[in-house]
K.L.:
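Starting off with a structure, shown below.
In what follows, residues are counted from 1 in the order of the sequence shown.
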Amino acid sequence: METHISCLFPELLAMIFGYLDVRDKGRAAQVCTAWRDAAYHKSVWRGVEAKLHLRRANPSLFPSLQARGIRRVQILSLRRSLSYVIQGMANIESLNLSGCYNLTDNGLGHAFVQEIGSLRALNLSLCKQITDSSLGRIAQYLKGLEVLELGGCSNITNTGLLLIAWGLQRLKSLNLRSCRHLSDVGIGHLAGMTRSAAEGCLGLEQLTLQDCQKLTDLSLKHISRGLTGLRLLNLSFCGGISDAGLLHLSHMGSLRSLNLRSCDNISDTGIMHLAMGSLRLSGLDVSFCDKVGDQSLAYIAQGLDGLKSLSLCSCHISDDGINRMVRQMHGLRTLNIGQCVRITDKGLELIAEHLSQLTGIDLYGCTRITKRGLERITQLPCLKVLNLGLWQMTDSEKVRILLALSQPATESRPFCSPGRIRYRLHLGFMEGDLPEATTLFIHGACELCVQPAGGSVVCELLPSSEHPTENFRAGEPQASRKMIRNFPVSSGSGIPVLGTPFREQEERRCWLFSTTNQKKTEVYCL
């Protein structure tokens, strides 16, 4: 006797539906009443964020969301009052309003008129009309807030940070990216330096101050004294930060990730301060700090040897600096040295010899490396991501690198790794499969020929110009590179059809590059 799916208990159906993406959950609920009842079980929708266009009244919308236990909402377009959402979702936990450009202080004030104790995360990124007035409302009525995103809210001032420091003592994550009016005074408020006016957000664990141009070393002094539990600090593009400020950060024992990207005044001396302190960093980014050189790598090897991720793109480092660093950094997982034009094959050989745990390396724009160094790098046992942008190679060399990354499993199927997700690889003269989660980025393709076996292809092309890739057709010169995600391929035509999104759960990555011999397929996909 065969068992049909209709015989399953509702609890089992709910468990199965829990693995579906959001769109398929909804489709399953439309099959029959039994499936609808199972699909509406709260366990099916646990953690799901509803993405809504609020354009017209829909009385059944919020009761339906609440019946399924959905408590996270993202508003994609806001043409109705925000109070419509707040009133409809009594137990809302997360509200994402990023990019709602028409949201004003008045609209937010009408929505937040009483305490909302359940709300834990609020995202107002790029809501450019929001000012300190809205932060006053938030501080008054959202005292349980733990995550606040204000990136791009360029009208916020130090007064707004004073209000946050007064009312949001439970805050754990705060993003102030590109809030250009903020200064050291505002950071002092957050760090509790003005206790007579506000206690401060002393429980902060993540603080993003990217592109806050008015900040100086005094802000770092405030942070080191008041925000002692901070784990992640992003100071990228803060041009007022100098080596002296890093001396204040060097004794923050809880700090795990520090981003100093494009901080022009950071030099080897600042890295020395970090290395000589009591930091236990796992991630450090000093990319585009053009005063950072080989001496910094020696300091990092001495005092920051616990790093798992290190970004040094466009720094003045050479093979000599690599030699000083790699002998002490055996736990490093990610190394970004793109545009370090003094790196040669010797540096790659040192990396391959000592950094056996490396899973990703960025060699974008390293123009002095050759295929000898690349072949050595591809022998790293854990390597998954390799960025070779702006590096010239022939088609046969590209294929050789792909095959080096494909760890053979058997002689009869040398490019097949059993038990992994497999997508067919066609090279014209051979075919096989690529291992799961191996990614290779290659710039410079001039042609693309796609011959799909069916389904969808998802690819990533890194940008090299502002011209849209959507104008590209197979076989024509392609003058641009842009991220493309989730497009289906029309079977048999060999031409990508762009613009129709696929489910996020179906995403894979593939390699695209050209050939001149007109052989079969130019999609290297996993």
Side-chain angles (χ1 to χ4, degrees), residues 47 49 72 93-96 98 117-125 135 138-139 142-153 156 160-179 182 184 186-195 198-212 215 218-238 241 245-246 248-261 263 274 277-286 304 306-311 333-334:
E49 181 180 64
R72 303 173 65 239
E93 289 182 351
S94 172
L95 178 60
N96 187 343
S98 59
S118 61
L119 194 60
R120 294 290 180 265
L122 177 63
N123 190 337
L124 296 174
S125 299
L135 296 187
I138 292 170
L142 306 181
K143 293 187 178 296
L145 211 59
E146 297 178 355
V147 178
L148 181 58
E149 299 281 340
L150 298 171
C153 296
I156 291 173
L161 294 193
L162 177 60
L163 292 168
I164 290 175
W166 166 75
L168 302 181
Q169 271 83 51
R170 297 183 184 178
L171 206 59
K172 294 181 179 179
S173 176
L174 178 61
N175 187 338
L176 299 168
R177 174 182 54 83
S178 298
C179 294
L182 301 183
D184 300 331
I187 303 303
H189 293 325
L190 291 178
M193 296 296 107
T194 53
R195 293 292 181 89
E199 288 293 320
C201 301
L202 306 185
L204 272 177
E205 297 178 1
Q206 299 183 27
L207 179 60
T208 297
L209 299 171
Q210 176 182 336
D211 197 29
C212 293
L215 301 187
L218 181 57
S219 288
L220 303 191
K221 183 178 181 180
H222 293 327
I223 290 171
S224 65
R225 289 186 174 183
L227 304 180
T228 55
L230 205 62
R231 297 181 61 84
L232 181 150
L233 179 59
N234 186 341
L235 297 166
S236 56
F237 299 93
C238 291
I241 301 299
L246 298 189
H248 297 299
L249 299 182
S250 64
H251 298 289
M252 295 188 66
S254 63
L255 198 61
R256 295 293 178 268
S257 177
L258 179 60
N259 190 336
L260 299 169
R261 188 182 186 92
C263 292
L274 296 178
S278 55
L279 287 175
R280 293 182 293 168
L281 289 179
S282 60
L284 176 64
D285 189 345
V286 290
L304 298 173
L307 285 173
K308 303 297 183 185
S309 174
L310 177 61
S311 294
R333 300 289 191 273
T334 302

K.L.:
For the atom pair NE2 (H251) and CG (L274), what is the distance rounded to the nearest 0.5 Å?
P.N.:
10.5 Å

K.L.:
Using the side-chain hydrogen bond (donor to acceptor under 3.5 Å, both in side chains) criterion, which residues pair with T334? Sequence neighbours excluded.
P.N.:
none

K.L.:
For N234, does its backbone N or O pair with a side-chain atom of T208 as donor and acceptor, under 3.5 Å?
P.N.:
no

K.L.:
Taking T228's backbone N and O only, do any of them form a donor-acceptor pair with S254's side chain (distance below 3.5 Å, no angle check)?
P.N.:
yes

K.L.:
What pairs with Q169 under side-chain hydrogen bond (donor to acceptor under 3.5 Å, both in side chains), at least two apart in sequence or on another chain?
P.N.:
none

K.L.:
Got a donor-acceptor contact below 3.5 angstrom from the R72 side chain to the G47 backbone?
P.N.:
yes

K.L.:
Kindly give the heavy-atom pair with the smallest separation between R195 and E199, and that separation in Å.
P.N.:
NE-O, 3.4 Å

K.L.:
So, taking the atom named CZ in R333 and the one named NZ in K308, what distance separates them when rounded to the nearest 0.5 Å?
P.N.:
4.5 Å

K.L.:
The criterion is side chain to side chain contact (heavy atoms under 4.5 Å, CB included); which residues satisfy it with S250, sequence neighbours excluded?
P.N.:
L247

K.L.:
Which of these, I223, L230, L168, sits in a side-chain contact (heavy atoms from CB on, under 4.5 Å) with L204?
P.N.:
L230

K.L.:
Any chance you could measure S173, atom OG, to E205, atom CD, to the nearest 0.5 Å?
P.N.:
9.0 Å

K.L.:
Rounded to the nearest 0.5 Å, how far does CD1 of I156 lie from SG of C179?
P.N.:
4.5 Å

K.L.:
Please round to the nearest 0.5 Å and tell me the distance separating atom CG of L281 and atom OG of S257.
P.N.:
7.5 Å

K.L.:
Within the 4.5 Å heavy-atom criterion, are L142 and L148 side-chain neighbours or not?
P.N.:
no

K.L.:
Mind listing the closest non-hydrogen atom pair of A139 and L163 along with its distance?
P.N.:
CB-O, 3.3 Å

K.L.:
Mind checking whether I164 and L190 have side chains closer than 4.5 Å, heavy atoms only?
P.N.:
yes

K.L.:
What residue among L249, D285, V286 forms side-chain contact (heavy atoms from CB on, under 4.5 Å) with L258?
P.N.:
L249

K.L.:
Which atom names give the shortest non-hydrogen contact between H248 and S224, and what distance separates them?
P.N.:
O-CB, 3.2 Å

K.L.:
Please give me the minimum heavy-atom distance between C263 and L235, naming the atom from each residue.
P.N.:
SG-O, 3.1 Å

K.L.:
Among V147, I138, L95, which one satisfies side-chain contact (heavy atoms from CB on, under 4.5 Å) with L119?
P.N.:
L95

K.L.:
Of all the heavy-atom pairs spanning C238 and D211, show the shortest one and how long it is.
P.N.:
SG-N, 4.1 Å

K.L.:
Check whether any side-chain heavy atom of L227 lies under 4.5 Å from a side-chain heavy atom of L233, and answer yes or no.
P.N.:
no

K.L.:
Atom CG in D184, atom NE2 in H222: separation rounded to 0.5 Å?
P.N.:
6.0 Å

K.L.:
Which atoms form the tightest heavy-atom contact between I187 and L161, and what is the distance?
P.N.:
N-CD1, 4.2 Å

K.L.:
Under 4.5 Å between any side-chain heavy atoms of Q206 and R231, yes or no?
P.N.:
no

